[in-house]
Undergrad: 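I have a structure I would like to understand better, so I am pasting it below and will then ask my questions one at a time.
First listed ligand is number 1; within each ligand, the first listed atom is number 1. Predicted model only: the values in this text are computed from it and were never measured.
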Amino acid sequence: MIRIALQAKGRLNEDSLKLMKEAGINFDDAKRKLLSKSNDFPIEVLYLRDDDIPQAVAAGVADIGFVGINEIEEKGADVKVIHKLGWGKCRISLAIPKTEEYSGIEYFNGKRIATSYPKILKKFCDENNIVAEVEEIAGSVEIAPAVGMADAIFDIVSSGSTLVSNGLKEVYTVMNSEAAVIANPNLTDEKQALLDQLLFRFESVERSKGQKYILLNIPNDNINDALSILPSMKSPTLLPLAQPGWSSIHAVVSQKLIWDKIEQLKKIGAEDILVLSLEMMVL
Ligand code: PRT
Ligand code: ZN
């Protein structure tokens, strides 16, 4: 049995549950139980606030967790970052009132900076020889300059629209973040084996994202042209059709390229083109 800590509610909750489900693991959500066991896999889910996940994993209260890299850095918890998940993407940036002129990071010398990430900010200031006053506040950081609590802020930005609507401009990105799988550094062999099994499933699901499965029929004379248009995982799947002189080709194509490939394939005589969604790619 392995225990995973997930965010109970908030920005990472939905994607966390979706990935577990796509990996074939179902359980009750946080609205029903704070600790929930799956019937599909030897795993228990512990729902926590994201701030508490790094510490819970470091202490072994949970064996693994999904949490933003920003929280891991801020908490300085002794956990291993095993796998980046590619969602929950954001950056932590310094921002100042939009009317201020910005010359470079020396601007922050002698300034008061409001943040919920004091450790990351202090480390950045130390590394860059900036002497600033760090004002730690738990939430609504963006409002601090307007109400006179600070001259600047250091906060999470994703689209940037919260900064704009508070009359601020982003001037320096200190770190980029995304959600990651973290693990306690001292997992037992049994737990490590379960984690490896989970990672294999997560990677199979992730690999299929943005990919489509394409099937088409092509005159045998044009098979080589079609194969040069279509990439393949190993060797392309090529099947003879009942109709003499024709074959069927199956391949996986990036969603971004699908229309381009369809147009090229039609030009060389491809017919009956089908495009299907992929749920996972197991290599
Ligand atoms: O209750 P709990 O403590 O669990 O949740 P929380 O309120 O502390 O965190 P939550 O759910 O807001 O965010 C969880 C994690 O999502 C963060 O630690 C980041 O790793 C990641 N993430 C990704 C974000 C954002 N994008 C984001 N845009 N976290 C917060 N924001 C906020 C930001 O603080 C700012 O207020 O959104 C606003 C900015 O958004 P834009 O799009 O206007 O720039
Ligand atoms: Zn939080």
Undergrad: Of all the atoms in ligand 1, which lie at a distance below 4.0 Å from a heavy atom belonging to G10?
TA: 11 (O)
Undergrad: Give the minimum heavy-atom separation between F66 and I53, together with the two atoms involved.
TA: O-CD1, 3.7 Å
Undergrad: Could you check whether the rings of F124 and Y172 sit parallel, tilted or perpendicular, using 30° and 60° as the cut-offs?
TA: tilted
Undergrad: How far is atom 33 (C) of ligand 1 from its nearest protein heavy atom, and which residue and atom name does that atom have?
TA: I156 O, 3.4 Å
Undergrad: Any atoms of ligand 1 less than 4.0 Å from a non-hydrogen atom of Q7? List them with their elements.
TA: 2 (P), 4 (O), 5 (O), 9 (O), 10 (P), 11 (O), 14 (C)
Undergrad: Considering the heavy atoms of G68, write down every atom of ligand 1 situated less than 4.0 Å from one of them.
TA: 20 (O)
Undergrad: Looking only at protein heavy atoms, which one is nearest to atom 16 (O) of ligand 1, and how far off is it?
TA: L12 CD2, 3.6 Å
Undergrad: For ligand 1, which atoms have a heavy atom of K9 less than 4.0 angstrom away?
TA: 4 (O)
Undergrad: Any idea which part of N13 is under 4.0 Å from ligand 1, heavy-atom wise: side chain, backbone, both or neither?
TA: neither
Undergrad: Please find the pair of heavy atoms, one from L168 and one from P145, that lie closest to each other, and give the distance.
TA: CD2-CG, 3.8 Å
Undergrad: Tell me the protein heavy atom at minimum distance from atom 43 (O) of ligand 1, and give that distance in Å.
TA: T162 OG1, 2.5 Å
Undergrad: Which is it for E178 and ligand 1 at heavy atoms under 4.0 Å: side chain, backbone, both or neither?
TA: neither
Undergrad: Starting from atom 1 (O) of ligand 1, find the nearest protein heavy-atom neighbour and note its residue, name and distance.
TA: R49 NE, 3.6 Å
Undergrad: Do T162 and E142 have a side chain donor and acceptor closer than 3.5 Å?
TA: no
Undergrad: Around atom 14 (C) of ligand 1, find the nearest protein heavy atom and jot down its residue, atom name and distance.
TA: D50 OD2, 3.3 Å
Undergrad: For K123, is the NZ atom crowded, meaning more than 12 foreign heavy atoms sit under 6.0 Å from it?
TA: no
Undergrad: Between K267 and E263 (salt bridge meaning N to carboxylate O under 4.0 Å), is one present in this structure?
TA: no
Undergrad: Report yes or no: does S254 contribute a side-chain atom to a donor-acceptor pair with the main-chain N or O of Q211 at less than 3.5 Å?
TA: no
Undergrad: Would you say CG of D196 has more than 12 non-hydrogen atoms from neighbouring residues, nucleotides or ligands within 6.0 angstrom?
TA: yes
Undergrad: Can you sort out which atoms of ligand 1 are near E142, meaning under 4.0 Å from one of its heavy atoms?
TA: 35 (C), 36 (O)
Undergrad: Tell me which one of N70, I92, V141 gets a heavy atom nearest to atom 18 (O) of ligand 1.
TA: N70
Undergrad: Nearest to the Zn ion (ligand 2), which N, O or S atom of D51 do we find?
TA: OD1
Undergrad: Answer yes or no: does atom CE of M175 have more than 12 heavy-atom neighbours from other residues, nucleotides or ligands under 6.0 Å?
TA: yes
Undergrad: Between S177 and ligand 1, does any nitrogen or oxygen pair lie at a separation below 3.5 Å?
TA: no
Undergrad: Check this for me: E279, atom CD, are more than 12 non-hydrogen atoms of other residues, nucleotides or ligands nearer than 6.0 Å?
TA: no
Undergrad: Salt bridge check: are K18 and E14 linked by an N-O gap of less than 4.0 Å?
TA: no
Undergrad: Within the stated cut-off of 2.8 Å, is an N/O/S atom of D50 closer than that to the Zn ion (ligand 2)?
TA: yes
Undergrad: Nearest non-hydrogen contact with atom 31 (N) of ligand 1 belongs to which option: E74, K89, R11?
TA: R11
Undergrad: Got the closest protein heavy atom to atom 26 (N) of ligand 1, with its distance?
TA: C90 CB, 3.6 Å
Undergrad: Looking only at distances, can you tell me whether any N or O atom of L48, backbone or side chain, sits closer than 3.5 Å to an N or O atom of ligand 1?
TA: no
Undergrad: Would you verify that at least one protein heavy atom lies under 4.0 Å from atom 7 (O) of ligand 1, or report that none does?
TA: no
Undergrad: Using the side-chain contact (heavy atoms from CB on, under 4.5 Å) rule, take I214 and L265 through it: C-alpha gap first, then chi angles, then the decisive distance, then the call.
TA: CA-CA 11 Å; I214 185 167; L265 289 163; 4.0 Å; yes
Undergrad: With heavy-atom distances below 4.0 Å as the criterion, list the atoms of ligand 1 near V157.
TA: 44 (O)
Undergrad: Using a 4.0 Å cut-off to any heavy atom of S159, which atoms of ligand 1 qualify?
TA: 41 (P), 42 (O), 43 (O), 44 (O)
Undergrad: Considering only heavy atoms of D51, which atoms of ligand 1 have at least one such atom less than 4.0 Å away?
TA: 3 (O), 8 (O)
Undergrad: Counting heavy atoms only, which part of S161 comes closer than 4.0 Å to ligand 1: side chain, backbone, both or neither?
TA: both
Undergrad: For atom NZ of K169, is the number of surrounding heavy atoms from other residues, nucleotides or ligands below 6.0 Å larger than 12?
TA: yes
Undergrad: Is it true that K209 and E22 have a side-chain N and a carboxylate O under 4.0 angstrom from each other?
TA: yes
